[in-house]
Amino acid sequence: MKKILITGGAGFIGSHVVRRFVNKYPEYQIINLDALTYAGNLENVKDIEHLPNYKFIKGDIVDETFINDLFSIHNFDGVLHLAAESHVDRSIEDPLSFVKTNVIGTMNLLNAAKNQWKDNFKGKRFYHISTDEVYGSLGAEGLFTETTSYDPNSPYSASKASSDHFVRAYGETYGLPYVLTNCSNNYGSYHFPEKLIPLFINNIINNKPLPVYGDGNYTRDWLFVEDHAIAIDLVFHEGKNHETYNIGGFNEWKNIDLVKLLCKIMDQKLGRAEGKSQELITYVKDRPGHDFRYAIDASKINKELGWKPSVTFEEGLEKTINWYFDNEDWLKNVTSGAYKEYYQKQYS
Ligand code: NAD
Ligand code: DAU
C-alpha cells in the first residue's frame, strides 16, 4: 500500500486533490495534513472523512519537530505539497507569515522527506504545487513557458519562487525525486471568498459593491479547479522526475470582462433585470505591484502527458455559481467572524 501525505488538503485546491486521490485510489492511504488556518475548513472534505483510506491530521508545517515526528511515525511514499498562504493581498499586509509557511514550511517538508528517503529514493516522489506568479508579469503579448525566468513581484510570489528554488536545489544537491507544477488562476467550488470570483459571487448575491482594482484591464488565465486536480494526479503518477510542467486553462480574461460576464449570469439566475448587478461595479484603489497579465503555455503537459482542460469556462462558471447557490451555509459560515474584519480592513 502507498502512503501519501497531502498538505493543505482542507483548502481550496487541496480539498479537490484529496477527494480525487481518496476516491480514485482506494489502495492508497491518504494523510491530509492541514493547520486549518482561516483558509482551511474541514467542511471542504466532509464527504470523504468516513472513508477507510483517509486520515486528517491537524498540524503546522512550520513546526519542524512536529514534521520530523510525523515522518518518523509514517513511512510516506509520496508528498503532494499544497499547504501555503495563498492570497496576494494578505501577503502585502503580512509578508513574514508567507515566508514562514511557504518557505520555512516547505524546507521542513523537504528535509524530512530527504532524511527519510535518502538511503533509497526509488519509488519516492516529492510534488511541489506552485503558481505562474513566480514568472512575474507579462505585457500584452507572450506566454509563460517552463523556461521563462523567475521574476516575482509580490511577497506571495517571491515566497513561492523561493520554495520552488529550494525544491529544485534539493533535487540537484541531494537527488530528491521531485516534480513541480506552476498553475494559473483556479476557480470552482470551496474557493474562499477573498479571491476575485467567489468574492464577487458573494457580493452579487448580497447586493454589495464589486471592488475592481485599478482600471480592471488586468488579465488572468482561469482554470477550473477539478481540471487542475486531474493534472496534478497525472503529473504525480506520470510526470518525469526533476521536471516542471506549466498548467493553464488557455483561457485569458480581462478582470472587467470576467466581472461583467459573472454579473450577466448571476442576473439570470437571481431573476434580476439584465444589467442590474453591473451597477454594483466599483473601481477602487489598485493593488500595489499589481501584475498586469498572466498567461500560461501549457503545451508541454499537453504533449508529454496528454492533459488539457476538460471543461469550458462557461461550463465551469455555471457549475461554480450553482455550487455557491446550493451551499449558502458554507458561504455564510466562512464569511462570518474574522472574514468581516478582513473585509473591512481590505476594502474600507
Ligand atoms: P488555500 O489558501 O485555499 O489553502 C491553503 C491551505 O493550506 C489551507 O487549508 C490552510 O489551512 C493550509 N495551510 C496554510 N498554512 C499552513 C501551515 N503552516 N501548515 C499547514 N497547513 C497550512 O490555497 P489554494 O488556493 O488551495 O492553493 C493551494 C496551493 O496551490 C498553494 O500552494 C498555492 O500557492 C498553489 N496555487 C494556487 C492557485 C490558485 O489559483 N488558488 C494557482 C496556482 C497555484
Ligand atoms: O495565478 C495563480 C494565482 O492566482 C495563485 O497563485 C494565487 O494563490 C491566487 O490567489 C491567484 O492570485 P491572483 O492575485 O491572480 O488572484 P485574485 O483572485 O486575488 O485576483 C485576481 C485578479 O482580480 C487580480 O488581477 C486582482 C483582481 N482583483 C482581486 C480582488 C480580490 C480585483 O480587482 N478585486 C478584488 O477584490
Side-chain angles (χ1 to χ4, degrees), residues 6-18 32-42 44-45 57-63 66-67 80-92 97-98 100-102 104-106 108-109 128-135 137 144 154 156-157 159-160 163-164 181-188 190-200 203 209-223 225 228 232 246-249 253-256 258-259 281-287 290-296 343 346-347:
I6 301 184
T7 71
F12 165 49
I13 302 172
S15 62
H16 288 274
V17 173
V18 165
N32 176 4
L33 169 69
D34 197 296
L36 299 181
T37 68
Y38 78 92
N41 186 348
L42 287 179
N44 298 1
V45 279
I57 296 177
K58 183 170 188 266
D60 188 345
I61 58 168
V62 181
D63 183 342
F66 165 75
I67 290 297
L80 286 96
H81 176 37
L82 293 103
E85 287 292 341
S86 69
H87 192 40
V88 173
D89 292 328
R90 289 185 194 254
S91 81
I92 294 166
S97 65
F98 283 66
K100 286 181 183 156
T101 290
N102 299 359
I104 313 273
T106 302
N108 287 338
L109 291 164
H128 184 58
I129 283 83
S130 192
T131 170
D132 60 358
E133 298 201 11
V134 296
Y135 299 123
S137 185
F144 296 133
S154 72
Y156 163 69
S157 53
S159 69
K160 291 297 290 188
S163 63
D164 290 9
T181 50
N182 298 92
C183 186
S184 64
N185 287 58
N186 285 214
Y187 69 97
Y190 303 107
H191 204 184
F192 192 79
E194 63 187 350
K195 310 279 166 52
L196 181 77
I197 290 183
L199 188 144
F200 279 36
N203 284 14
L210 305 176
V212 173
Y213 295 160
D215 62 6
N217 284 320
Y218 296 90
T219 299
R220 297 292 182 264
D221 165 16
W222 293 95
L223 176 67
V225 65
H228 190 189
I232 288 174
N246 278 355
I247 306 172
W253 284 80
K254 280 187 179 164
N255 291 341
I256 191 63
L258 168 53
V259 170
I281 292 174
T282 313
Y283 291 92
V284 300
K285 195 160 126 318
D286 211 346
R287 172 186 279 176
H290 199 165
D291 285 334
F292 177 64
R293 174 171 165 259
Y294 304 143
I296 280 277
Y343 198 92
Q346 178 67 20
Y347 294 102

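Residue numbers run from 1 in the order of the sequence given. Counting convention: from 1, in listed order, for ligands and their atoms alike.
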Got a second to check how far C183's SG is from I13's CD1, nearest 0.5 Å?
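Going from the SG atom of C183 to the CD1 atom of I13 covers 6.5 Å.
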Between atom OG1 of T181 and atom CD1 of I129, what is the distance when rounded to the nearest 0.5 Å?
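CD1 of I129 is found 5.0 Å from OG1 of T181.
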Among [options], whose heavy atom sits nearest [atom]?
atom                    : options               : result
atom 31 (C) of ligand 2 : E85, H290, R220, E194 : E194
atom 21 (C) of ligand 2 : L196, D291, N186      : L196
atom 11 (C) of ligand 2 : D286, N185, V284      : N185
atom 22 (C) of ligand 1 : A39, G8, A83, G188    : A83

Considering heavy atoms of the protein only, find what lies nearest to [atom] and give residue, atom and distance to 0.1 Å.
atom                    : value
atom 13 (P) of ligand 2 : E133 OE2, 3.4 Å
atom 14 (O) of ligand 2 : R287 NH1, 2.6 Å
atom 40 (O) of ligand 1 : N186 N, 2.9 Å
atom 23 (O) of ligand 2 : N255 ND2, 3.4 Å
atom 30 (O) of ligand 1 : I129 CG2, 3.5 Å
atom 36 (O) of ligand 2 : Y347 OH, 2.7 Å
atom 1 (O) of ligand 2  : D132 OD1, 2.6 Å

Ignoring angles and geometry beyond distance, decide whether [X] reaches within less than 3.5 Å of ligand 2 through its nitrogen or oxygen atoms.
X    : answer
Y213 : yes
P211 : yes
S86  : yes
Y294 : no

For [X], counting its heavy atoms only, list the atoms of ligand 2 lying under 4.0 Å from any of them.
X    : value
V212 : 33 (O)
K195 : 10 (O), 18 (O)
Y156 : 5 (C), 6 (O), 7 (C), 8 (O)
H87  : 19 (O)
T131 : 1 (O), 2 (C), 3 (C), 5 (C), 6 (O)

Indicate, as side chain, backbone, both or neither, the part of [X] found under 4.0 angstrom from ligand 1 when only non-hydrogen atoms are considered.
X    : result
L36  : backbone
Y156 : side chain
H228 : neither

Any idea which part of S184 is under 4.0 Å from ligand 2, heavy-atom wise: side chain, backbone, both or neither?
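Backbone only.
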Quick one: salt bridge (Lys or Arg N to Asp or Glu O under 4.0 Å) partners of R293, sequence neighbours excluded?
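Result, salt bridge (Lys or Arg N to Asp or Glu O under 4.0 Å) vs R293: E252.
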Does some non-hydrogen atom of G105 fall short of 4.0 Å from ligand 1?
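Flag not set, G105 not near ligand 1.
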Does the residue S184 have a heavy-atom contact with ligand 1, meaning some pair of atoms that are separated by less than 4.0 Å?
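Per 4.0 Å heavy-atom rule, S184 contacts ligand 1.
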